[in-house]
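Below: one structure, written as structure tokens.
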Amino acid sequence: MNWQNGNWYDIRDLIPQRYPFFLVDRILELSDDRILTKKQVTDGDYLTISGSFLIEHMAQSAAALFGYRFREKSCEHMYLAGIEDANIVHRSQAGETLFTEVVVLIAVANLAKVHCCSYVNPSMEEQDMAGYATLVLYVD
């Protein structure tokens, strides 16, 4: 569980994914328009051999943000509806820790566009960037 704004949030309460497709370990910061997550990459993580690992990690981080935003409503599904401007700079490897920031660019009704940046260092400086993407989400 993660402490945020006086509340505990278990990532498992915010997204439906489970092992071996569970790619977010902790919520470090959380608000209605931003989330910062952490993932310790292991040999057992599904998709680590492909570039899609980072995109899936970003999408799950974004889904956690919208799980939090819609926590008072009954939304059963979140879909990755589009990927724009994605760039994987560094392929994640076992032993690395990813820090991912997701910021809401626009949210209208059931659609949202978010910008995600992932880093392999908690300082989150440009030289430590693993990749970035703009994602479009649909919440049902």
Side-chain angles (χ1 to χ4, degrees):
M1 287 190 284
N2 302 276
W3 180 256
Q4 182 61 39
N5 299 330
N7 295 303
W8 286 101
Y9 287 99
D10 189 331
I11 188 73
R12 295 170 296 180
D13 292 337
L14 300 177
I15 63 175
Q17 287 81 2
R18 296 296 180 260
Y19 181 82
F21 303 103
F22 196 65
L23 302 181
V24 177
D25 293 338
R26 281 185 65 88
I27 298 170
L28 301 176
E29 296 177 22
L30 179 62
S31 69
D32 281 342
D33 295 320
R34 180 181 173 274
I35 191 169
L36 179 62
T37 64
K38 178 180 175 181
K39 171 63 181 151
Q40 178 70 42
V41 182
T42 68
D43 286 327
D45 285 322
Y46 185 71
L47 300 174
T48 53
I49 59 171
S50 70
S52 59
F53 174 83
L54 190 60
I55 296 293
E56 179 62 24
H57 166 69
M58 290 176 181
Q60 288 186 24
S61 296
L65 173 59
F66 282 87
Y68 173 77
R69 282 177 68 126
F70 288 96
R71 65 195 175 279
E72 302 298 324
K73 299 178 182 177
S74 175
C75 65
E76 295 186 17
H77 304 98
M78 278 180 255
Y79 301 97
L80 179 58
I83 302 171
E84 302 175 1
D85 190 34
N87 187 9
I88 307 303
V89 179
H90 172 79
R91 185 174 288 180
S92 303
Q93 299 175 18
E96 292 180 334
T97 302
L98 292 172
F99 297 87
T100 298
E101 179 181 47
V102 178
V103 177
V104 176
L105 300 176
I106 187 168
V108 178
N110 291 19
L111 286 173
K113 184 182 275 192
V114 298
H115 185 71
C116 309
C117 290
S118 293
Y119 303 85
V120 292
N121 188 316
S123 66
M124 298 176 62
E125 295 182 15
E126 189 172 342
Q127 70 267 16
D128 298 319
M129 183 176 284
Y132 60 85
T134 299
L135 306 179
V136 178
L137 302 172
Y138 175 75
V139 180
D140 183 21

Checklist entry - Does one hydrophobic cluster hold both Met129 and Leu36, with members joined at side-chain heavy-atom distances below 4.5 Å? => result yes

Checklist entry - Quick one: does Phe99's side chain get under 4.5 Å of Asp128's, heavy atoms only? => result no

Checklist entry - Can you find a pair of side-chain heavy atoms, one from Ile55 and one from Ile88, that are under 4.5 Å apart? => result yes

Checklist entry - With hydrophobic residues grouped by side-chain heavy-atom distances under 4.5 Å, do Leu111 and Tyr79 end up in a single group? => result yes

Checklist entry - Got a sec: does the CD of Glu126 have more than 12 other heavy atoms crowding it under 6.0 Å? => result no

Checklist entry - Does Tyr119 share a hydrophobic cluster with Val103, counting links as ILVMFWY side-chain heavy atoms below 4.5 Å and allowing steps through other members? => result no

Checklist entry - Between the side chain of Asn110 and the main-chain N/O of Val139, is any donor-acceptor distance below 3.5 Å? => result yes

Checklist entry - Can you find a heavy atom in the side chain of Leu98 that is under 4.5 Å from one in the side chain of Val120? => result yes

Checklist entry - Measuring from Thr37:OG1 to Glu101:CD, what's the distance to the nearest 0.5 Å? => result 10.0 Å

Next on the checklist: Could you measure the distance from the NE2 atom of His57 to the OG atom of Ser52? Nearest 0.5 Å is fine.
Outcome noted: 13.5 Å

Checklist outcome for this item: Here the gap from Ser61 atom OG to Glu56 atom CD, rounded to the nearest 0.5 Å, amounts to 9.5 Å

Checklist entry - Step by step, would you call Lys39 with Gln60 a side-chain contact (heavy atoms from CB on, under 4.5 Å)? => result CA-CA 11 Å; Lys39 171 63 181 151; Gln60 288 186 24; over 6 Å; no

Checklist entry - Under the salt bridge (Lys or Arg N to Asp or Glu O under 4.0 Å) rule, what pairs show up with a residue in residues 111-122, not counting sequence neighbours? => result Glu84-Lys113

Checklist entry - Can you tell if the side chain of Leu137 reaches within under 4.5 Å of the side chain of Leu80, non-hydrogen atoms only? => result yes

Checklist entry - Checking side-chain contact (heavy atoms from CB on, under 4.5 Å) for the pair Tyr132/His115: CA distance, chi angles, key distance, verdict? => result CA-CA 7 Å; Tyr132 60 85; His115 185 71; 4.2 Å; yes

Checklist outcome for this item: Here the gap from Ile106 atom CD1 to Asp33 atom CG, rounded to the nearest 0.5 Å, amounts to 12.0 Å

Next on the checklist: Evaluate Leu54 against Met58 for side-chain contact (heavy atoms from CB on, under 4.5 Å), listing each step before the verdict.
Outcome noted: CA-CA 6 Å; Leu54 190 60; Met58 290 176 181; 3.8 Å; yes

Next on the checklist: Is there a path of hydrophobic side-chain contacts, each under 4.5 Å between heavy atoms, that joins Val24 and Ile83?
Outcome noted: yes

Checklist entry - Is a donor on one side and an acceptor on the other found under 3.5 Å between the side chain of Asp25 and the backbone of Gln40? => result yes

Checklist entry - Rounded to the nearest 0.5 Å, how far apart are SG of Cys116 and CG of Leu105? => result 9.0 Å

Checklist entry - Can you name the closest pair of heavy atoms from Ala94 and Asp43 and give their distance? => result CB-OD1, 3.0 Å

Item to check | Student check: side-chain heavy atoms of Leu30 and Leu65 closer than 4.5 Å | outcome: yes

